Amino acid sequence: MSEYPFKSIEARWQEFWQKNKTFRTPEKPDMSRPKYYVLDMFPYPSGVGLHVGHPLGYIATDILARYKRMKGFNVLHPMGFDAFGLPAEQFAVEHGVHPRVTTETNIANMLRQLKAIGLSYDWDRVLATTDEDYYRWTQWIFVQLYNSYYDAEEETARPIAELISRLEGSDSEFAAMSPKEKDNVLAGYRLAYIAEVPVNWCPGLGTVLANEEVTNEGKSERGNYPVYKRGLRQWMLRITAYADRLERDLEDVDWPESVKIMQRNWVGRSEGAHVDFRVPESDDIIRVFTTRPDTLFGATYMVLAPEHPLVDILTTTGQQEAISAYQAKVAGRSDRERMIDAKEKTGVFTGGYAVNPANGERIPIWIADYVLMGYGTGAIMAVPGQDNRDWEFAEVFNLPIIRTVQPSEGYDGKAFTGNGPAINSGFLNGLEIDEAKSTMISWLENQKKGEGTVTYRLRDWLFSRQRYWGEPFPVLHGEDGIIETVAESELPVTLPPMEDFRPESSDDPDAPPRPPLSRAPESWRIISIDGKTFERELNTMPQWAGSCWYYLRFIDNKNDQCLVDPDLEKYWMSGGGVDLYIGGVEHAVLHLLYARFWHKVLFDLGYVSTREPFGRLFNQGYIQAYAYRDSRGIAVDASAVVDQDGRPAVEVQDHKNRIYFYEGAEVTQEYGKMGKSLKNAVGPDEINERYGCDTLRLYEMYLGPLDASKPWNTRDIVGVNRFLRRVWRNFVHEENDTSLVADIEASPELMGALHKTIDRVSSDMERMSFNTAIAALIEFTSKLVGEDRIPRTIAEPFLLLLAPLAPHMAEELWSRIGNKESLAYAPWPVADPILLQSDEIKIAVQVNGKVRASIQVPVDAPKEDVFVLARANPDVDRHISGKTSVRDIYVPGRIVNLVVR
RNA sequence: GCCCGAGUGGCGGAACUGGUAGACGCAUGCGACUCAAAAUCGUAUGUCCAUAGGACGUGGGGGUUCGAGUCCCCCCUCGGGUACCA
């Protein structure tokens with residue numbers, strides 16, 4: 001008896017592919033052939049290894065890579081690791097193990113797991129963002145950003161040197177400045193610059209925290225230290241310069257419409273006006289941005305963000321206490337929490353007033369947390385008549401409401417946001433909104449009280465981190481405050497060896513940050529060039545940096561002269577960039593926007609040939625699983641959670657009336673994306689061991705459509721395993737292990753079924769509908785069960801169809817029926833159109849839209865004949881006899897509908 | 001809060017362009033093989049009423065249409081993102 005020996009088969013073929021470098025993409029490909037660049041979003045090499053959610057996308061891209069090879073494409077299908085980042089650093093802080101060691105161990109383990117799934121990556125192109133010869137070029141790109149500015153007129157990045165020589169020549173004031181002053185001016189232009197921005201500062205940990213690392217009580221997730229909002233000098237990247245292009249060029253890419261919409265909303269272009277409100281008896285001006293300058297006459301009060309710099313000046317002595325208390329309350333909350341609670345309107349009157357520039361009225365100035373410092377100017381004019389949030393605020397605090405747009409007839413709601421003529425608005429009265437806007441903008445401009453403007457929700461990219469395990473900035477700070485970038489020949493600036501990776505903590509919330517690199521040996525920190533002393537930048541880059549351009553490095557990963565060879569770049573990126581990029585929709589905005597931004601800069605500077613990096617994007621769904629949170633709202637390791645009877649949560653999670661505990665403390669259950677955030681990962685190794693990776697591959701694809709999220713449940717896995725065992729029995733004799741494939745003629749029925757299967761599987765491959773492709777193969781396999789011998793003309797095409805999905809079994813059977821070569825590059829079968837045709841088709845007959853019968857008709861039967869046949873059917877006749885015919889409908893090849901009364 | 005998705009039998013899902021809802025798989029029932037079990041093969045399986053047959057049915061409510069899982073409006077629930085998790 002030979003039961004499907006998956007272990008030996010899978011080991012043999014994985015070794016074969018590795019030894020023969022079957023899937024290696026030549027460094028110099030034959031460029032006369034079409035190319036297909038299929039890319040996965042690369043993983044973080046976590047300590048727990050791959051979870052079953054990762055391979056969902058990887059198996060899909062692998063199937064396509066294998067399919068495209070069989071279709072004659074040069075395929076580039078690489079894999080790498082986004083290996084800088086917090087967990088390795090955190091582990092280092094806690095256990096004293098260098099992040100490099102942890103990272104290398106984790107990568108080795110994940111490589112083993114990836115290879116064990118039979119993924120056809122070009123293993124010679126594996127890279128990690130932590131490789132010195134990779135981050136050398138990440139730093140190089142940073143230098144390009146620093147040394148460039150955005151020419152808004154020409155809409156392109158240019159070398160800053162061009163701007164300097166222009167200013168030196170035409171601007172005498174600039175020419176006369178000291179180097180330090182010039183630096184300050186240029187910082188206003190560079191694509192990389194330093195600015196002070198508000199952050200969640202945790203002095204106890206000596207670092208900035210993400211919103212998710214801050215608990216509801218304003219404490220740090222780790223260590224429970226207090227967290228403060230404070231300004232910090234940070235590296236920023238001027239992504240806002242590209243806002244328009246990032247929005248506009250979405251038109252040219254084949255991405256899910258929802259992702260494009262999210263990116264457009266994230267960029268958040270809005271047209272409107274800046275309006276200046278004067279503060280009486282002072283020189284202070286409060287500038288606001290509004291999308292509705294036409295409603296200025298209805299601005300009855302102003303609201304500033306609690307952190308707005310003018311608040312302290314405007315606040316009267318009587319209000320001082322209330323204002324400070326409110327500011328303190330708000331400071332401990334994240335922007336997100338402020339927005340979630342936005343329905344509950346809170347705020348405090350500053351005691352100060354401003355003058356409405358349209359009508360000269362004195363209006364009160366409030367502070368409230370629904371106005372965020374990070375958007376617009378951090379101040380708004382409140383127009384309750386036309387804005388819901390303002391209306392609600394005005395109701396709570398008894399502020400005046402003036403309608404300045406005539407609501408439509410019968411309108412009895414609160415704020416009116418629809419169209420209508422202006423009222424109570426002086427010179428605007430009677431004008432429709434669009435006209436009123438432009439009239440008001442010209443008036444403001446004439447009066448020097450404001451101007452028309454476009455703003456974006458998008459903010460510049462905060463690019464520095466107070467961490468060790470990231471790319472060092474190739475930046476030197478001179479004693480005189482002058483900044484210099486490290487010479488290209490000196491790159492990479494490698495991380496110094498260290499034993500203590502903690503940033504310096506402090507009890508003083510205002511103490512300057514001392515990131516881990518401040519503990520680096522002086523020999524690293526301080527360098528001397530031409531007699532001048534410099535200190536290295538002590539911050540590092542965020543994890544986003546390395547993932548911003550890895551798709552380019554895969555094209556030419558060994559190049560030590562430039563980041564990518566131009567000819568290779570042109571070939572692999574032709575046709576609009578990466579041909580297919582698969583990853584989770586969680587990257588819809590940040591990663592994809594950052595990568596597009598860098599790509600556009602590289603395009604402007606002439607290093608890449610396409611405007612966009614990723615021509616086609618596809619989001620795979622999530623594998624979801626139960627997760628658990630403790631009383632502070634922090635996710636705990638799901639595998640260590642037990643119920644009240646001490647049973648592991650994974651065994652009872654579907655049961656009702658369970659209470660869950662983690663280390664003795666009660667936790668709450670929720671359901672969501674499998675991964676590190678929710679700490680609910682399940683690995684693929686166990687399934688591999690028990691059923692083999694061809695089963696795992698098929699199972700993950702058979703779970704449902706690729707873009708749908710679905711729960712992880714191993715119960716159904718036997719189904720696809722039975723399918724593979726059935727295929728094996730069809731091809732290999734159970735007793736003597738010999739091939740059952742023979743050079744005999746196939747029946748016309750079987751041949752017809754095969755070609756319909758070829759047709760179905762081929763179109764399913766094209767539209768990435770792998771679950772239905774597998775269903776088609778299962779159906780066809782059932783038809784083979786009764787056959788003693790499988791005709792070769794059936795067997796070979798069938799194995800080729802199976803090959804991308806279950807490559808180990810396909811290769812094994814392919815070789816057992818006498819083929820000497822791997823099928824990895826064998827041509828994909830083509831369905832014979834003649835065998836797909838049939839003379840008769842089945843048509844459903846409806847009466848008044850309800851199906852009553854189905855009839856066989858010739859494919860080309862004329863309408864009238866079909867109606868006659870339909871009426872002749874007894875099941876139809878029963879429903880139409882005695883009734884008047886109103887209308888007969890025939891959709892050829894699909895349906896008959898007889899409408900009667 | 002704001003932005004983006006999803007919701008179809010007991011379960012995972014199919015139905016690609018408005019045209020027979022439930023392909024395929026799991027689970028379950030029955031049968032064959034077997035001393036027996038496993039494996040395998042065959043067969044049935046949306047719900048309700050029932051004799052032929054019929055009514056209902058794609059999260060809920062309304063609408064458009066000869067015909068709606070699919071299009072439009074309102075609502076509910078769940079998931080993703082919300083800028084330092086990536």
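Fair warning: this is a prediction, and the values are worked out from it, not measured in the lab.
For A/His591 and B/rG81, the shortest distance from a side-chain N or O to OP1 or OP2 is not below 4.0 Å. Applying the 4.0 Å criterion to OP1 and OP2 of B/rC66, one finds that A/Arg887 has a side-chain N or O inside that range. The side chain of A/Arg760 contributes no N or O atom lying less than 4.0 Å from OP1 or OP2 of B/rA14. For B/rC41, the OP1/OP2 oxygens have a side-chain nitrogen or oxygen of A/Arg726 closer than 4.0 Å. Distances shorter than 4.0 Å separate some side-chain N or O of A/Arg465 from OP1 or OP2 on B/rC84. At the phosphate of B/rC26, OP1 or OP2 sits under 4.0 Å from a side-chain N or O atom of A/Arg722.
Within 4.0 Å of A/Pro705, counting heavy atoms only, lie sugar-phosphate atoms of the nucleic acid but no base atom.
Base orientation of B/rG57: anti (glycosidic angle beyond 90° from 0).
Distance OH (A/Tyr671) to P (B/rU77): 18 Å, rounded to an integer number of Å.
Note: A/Phe84 and A/Trp469 have perpendicular aromatic rings, judged against thresholds of 30 and 60 degrees for the angle between ring planes.
Side-chain atoms of A/Glu586 and base atoms of B/rC4 include no donor and acceptor less than 3.5 Å apart.
Geometrically, A/Arg596 engages A/Trp255 in a cation-pi contact, judged by NZ or CZ lying under 6.0 Å from the ring centre and within 45° of the ring axis.
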